[in-house]
Visitor: 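Here's a structure for you.
In the text below, chain A, chain B and the rest are named by the order of the sequence lines, each starting its count at 1.
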2 protein chains.
Amino acid sequence: MLSTGLPHGAVPKLERPGPLRERVYEALLELITSRALRPGQHLVETELAGLLGVSRQPVREALQRLNTEGWVDLRPAQGAFVHEPTEDEADQLLVVRALLETEAARLAAAHATTEGLERLGELCAKGEDAVRADEVDAVVAANAAFHAEVMSLAGNAVLAELAAQVDQRVRWYYTPVARVRGMQSWREHRELIDAIAARDEAAASRIMRAHTEHTRASYHERADRTEGE
Amino acid sequence: MLSTGLPHGAVPKLERPGPLRERVYEALLELITSRALRPGQHLVETELAGLLGVSRQPVREALQRLNTEGWVDLRPAQGAFVHEPTEDEADQLLVVRALLETEAARLAAAHATTEGLERLGELCAKGEDAVRADEVDAVVAANAAFHAEVMSLAGNAVLAELAAQVDQRVRWYYTPVARVRGMQSWREHRELIDAIAARDEAAASRIMRAHTEHTRASYHERADRTEGE
DNA sequence: CGACAAAATATTGTCTACAGTATTCTTTTT
DNA sequence: AAAAAGAATACTGTAGACAATATTTTGTCG
């Protein structure tokens with residue numbers, strides 16, 4: 001049952017204008033990524049509709065989209081279930097993410113502007129400050145912003161869109177192991193900036209590959225540790 | 001009820017029509033890729049519904065999915081329009097496709113089984129026959145099957161799904177220039193098989209990269225030619 | 001004759017209702 | 001008492017209706 005364990009006050013509010021389906025989509029995505037809706041849980045359309053104060057239709061359309069993006073599984077005549085990630089799938093996502101990010105770094109080295117490099121530097125500084133201040137949320141946010149900026153500099157919208165989806169799902173799968181690698185991660189970011197500034201595609205590619213591999217190893221390390229508990 | 005002598009659960013469920021939205025989705029995708037619905041065209045829900053003999057609801061759900069997959073643009077309060085590919089976007093898709101296919105080749109070299117190599121050989125032979133017989137459709141089909149098999153051998157479902165989507169869109173964008181590179185393309189396929197058989201990841205990667213680059217060049221060549229007409 | 005305004009039309013967005021199907025509970029039979 | 005058949009329930013799938021909004025047409029004024 002859905003109503004169990006859902007804080008009614010924490011439900012994202014739907015205020016902004018625009019199509020209802022969009023806001024329902026965002027609300028549901030938030031509920032899923034925040035684990036208010038847990039993997040495997042059966043999502044009953046009428047429950048969600050009532051919860052969000054809309055009819056079933058916008059909910060259905062939101063669920064359709066969440067389905068094609070891999071957040072929920074839509075079993076015919078049975079309904080929507082929050083997707084349950086497997087070990088294999090999580091690892092495959094990391095592989096794909098590494099691939100996309102690496103290519104983005106290479107393209108960024110080829111196309112970056114001085115303004116772009118400046119923005120990267122600022123984001124890096126912000127991240128380093130956050131690490132020093134030990135503010136986990138700020139570190140995570142700065143990290144995401146940094147990678148997003150690299151992706152933006154790559155100038156490939158198709159690549160960016162795929163990466164955005166993969167990234168969000170990776171973050172979801174691995175939130176239980178809340179990864180923070182500390183200052184080392186930002187030293188690698190600095191290296192990457194230098195490579196991009198030097199227009200050295202090979203170096204940028206190599207550095208990003210190593211960086212994502214480190215992050216991946218960090219994920220698995222934490223995952224293994226929680227496994228043993 | 002007539003006693004069939006079989007337990008209820010063991011009766012294999014005969015192929016049901018399945019959800020209408022699925023068939024509507026497939027029908028619309030076919031109409032788009034076949035260019036019966038042209039880029040930029042306004043898709044009126046009631047017209048499509050009438051055309052397919054269903055109500056607006058399944059049509060809407062199909063359009064939602066087509067939207068998230070990039071086939072149609074959904075402008076709020078205005079409706080669905082068949083996506084209009086730009087020159088930039090088409091090229092970006094080719095870049096991403098090359099990236100995904102190259103990684104797939106590398107992974108295939110790492111994981112391929114002897115049965116898999118056998119299947120690749122058969123598909124290659126089929127393609128070569130089709131080239132000799134000058135059967136364009138068969139060549140295209142064999143080519144798609146070959147690449148799909150490589151992707152399958154890579155053993156990464158996430159990568160495969162992304163590649164499938166990107167591939168189909170690439171094919172759509174470039175159908176006007178119906179590309180056939182002839183036997184050279186299949187010589188490259190043979191090289192790739194050898195590299196995979198040798199478990200040589202670097203070689204497989206390099207060959208697939210070159211292969212997709214050749215195909216890309218072929219696309220642009222044809223596109224430039226039609227441009228000038 | 002052209003530009004602007006207002007009504008008319010067309011189309012999407014949302015809600016409600018009903019039909020089809022899977023699941024659960026109850027009853028019956030061995 | 002256990003298993004199977006049957007009824008009851010719950011939920012999804014689809015359809016149709018109504019409301020909101022954009023577009024087009026028409027009419028009017030400068």
Side-chain angles (χ1 to χ4, degrees), chain A residues 1-4 6 12-28 31 37-38 40-68 71-83, chain B residues 1-28 31 37-38 40-68 71-83:
Chain A
M1 186 65 77
L2 178 65
S3 51
T4 55
L6 268 188
K13 47 200 168 181
L14 321 165
E15 281 179 9
R16 298 197 316 284
L20 264 189
R21 59 167 176 270
E22 288 293 333
R23 290 175 286 171
V24 172
Y25 164 80
E26 288 164 17
L28 290 182
L31 287 173
L37 301 175
R38 290 152 316 181
Q41 184 168 350
H42 184 194
L43 303 180
V44 179
E45 295 174 358
T46 53
E47 294 272 356
L48 298 176
L51 191 67
L52 300 173
V54 300
S55 85
R56 277 178 56 206
Q57 176 101 357
V59 174
R60 278 182 70 84
E61 294 183 354
L63 288 176
Q64 297 289 332
R65 179 167 170 192
L66 290 168
N67 176 48
T68 69
W71 294 102
V72 308
D73 299 322
L74 224 45
R75 302 214 281 263
Q78 230 180 318
F81 297 78
V82 179
H83 181 69
Chain B
M1 184 188 201
L2 285 160
S3 117
T4 59
L6 286 174
H8 258 99
V11 177
K13 294 169 183 174
L14 304 177
E15 45 172 343
R16 281 174 309 185
L20 263 190
R21 59 167 177 270
E22 290 292 334
R23 288 180 290 175
V24 172
Y25 164 79
E26 288 163 18
L28 291 182
L31 287 173
L37 302 175
R38 290 156 313 183
Q41 184 169 347
H42 185 195
L43 302 180
V44 178
E45 295 174 359
T46 52
E47 287 182 10
L48 298 176
L51 188 70
L52 300 173
V54 299
S55 84
R56 277 177 55 206
Q57 176 98 359
V59 173
R60 279 183 70 84
E61 294 182 355
L63 289 175
Q64 297 289 331
R65 179 166 169 193
L66 290 168
N67 175 48
T68 68
W71 294 101
V72 310
D73 299 321
L74 225 45
R75 303 215 279 266
Q78 237 181 310
F81 297 77
V82 180
H83 180 70

Visitor: With side chain to side chain contact (heavy atoms under 4.5 Å, CB included) as the criterion, how do Q78(B) and H42(B) come out once you've worked through the C-alpha distance, each side chain's angles and the decisive distance to 0.1 Å?
Guide: CA-CA 9 Å; Q78(B) 237 181 310; H42(B) 185 195; 5.9 Å; no
Visitor: Reckon H42(B) has a side-chain N or O less than 4.0 Å from the OP1 or OP2 of dT12(C)?
Guide: yes
Visitor: Which residue pairs satisfy the salt bridge (Lys or Arg N to Asp or Glu O under 4.0 Å) criterion with at least one member in residues 71-83 of chain A, sequence neighbours excluded?
Guide: none
Visitor: Is the shortest side-chain heavy-atom distance between R21(B) and Q64(B) below 4.5 Å?
Guide: no
Visitor: Does R56(A) have any salt bridge (charged side-chain N to carboxylate O under 4.0 Å, His left out) partners at least two apart in sequence or in another chain, and if so, which?
Guide: E45(A)
Visitor: Pick from V24(B), L74(B), V72(B), L43(B): which one makes a side-chain contact (heavy atoms from CB on, under 4.5 Å) with L66(B)?
Guide: V72(B)
Visitor: Expressed in angstrom and rounded to an integer, what is the separation of E47(B) atom CD from dA10(C) atom C1'?
Guide: 11 Å
Visitor: Just to verify, what does E22(B) make a salt bridge (charged side-chain N to carboxylate O under 4.0 Å, His left out) with, not counting sequence neighbours?
Guide: R65(B)
Visitor: Between Q41(B) (side chain only) and R38(B) (backbone N and O only), is there a donor and an acceptor less than 3.5 Å apart?
Guide: yes
Visitor: How close or far is atom C1' of dG13(C) from atom CD of Q64(B), stated in whole angstroms?
Guide: 11 Å
Visitor: Verify side chain to side chain contact (heavy atoms under 4.5 Å, CB included) between Q57(B) and R60(A), making sure each step is shown before the conclusion.
Guide: CA-CA 10 Å; Q57(B) 176 98 359; R60(A) 278 182 70 84; 3.6 Å; yes
Visitor: CZ of R75(B) versus P of dA10(C): gap in Å, rounded?
Guide: 20 Å
Visitor: Would you tabulate the pairs of protein nitrogen or oxygen atoms and nucleotide nitrogen or oxygen atoms of nucleotides 23-25 of chain D closer than 3.5 angstrom?
Guide:
residue	atom	partner	partner atom	Å
dT23(D)	OP1	Q78(B)	NE2	2.8

Visitor: By the 4.0 Å heavy-atom rule, please label L43(B) as base, sugar-phosphate, or nothing.
Guide: sugar-phosphate
Visitor: Expressed in angstrom and rounded to an integer, what is the separation of L63(A) atom CG from dT12(D) atom C1'?
Guide: 11 Å
Visitor: Starting at atom CZ of F81(A), determine the distance to atom P of dC11(D), rounded to an integer number of angstrom.
Guide: 11 Å
Visitor: Taking only nitrogen or oxygen atoms into account, show me every contact under 3.5 Å that the protein makes with nucleotides 14-20 of chain D, one pair per line with its distance.
Guide:
residue	atom	partner	partner atom	Å
dT14(D)	OP1	L20(B)	N	2.4
dA15(D)	OP2	S55(B)	N	2.8
dA15(D)	OP2	S55(B)	OG	2.8

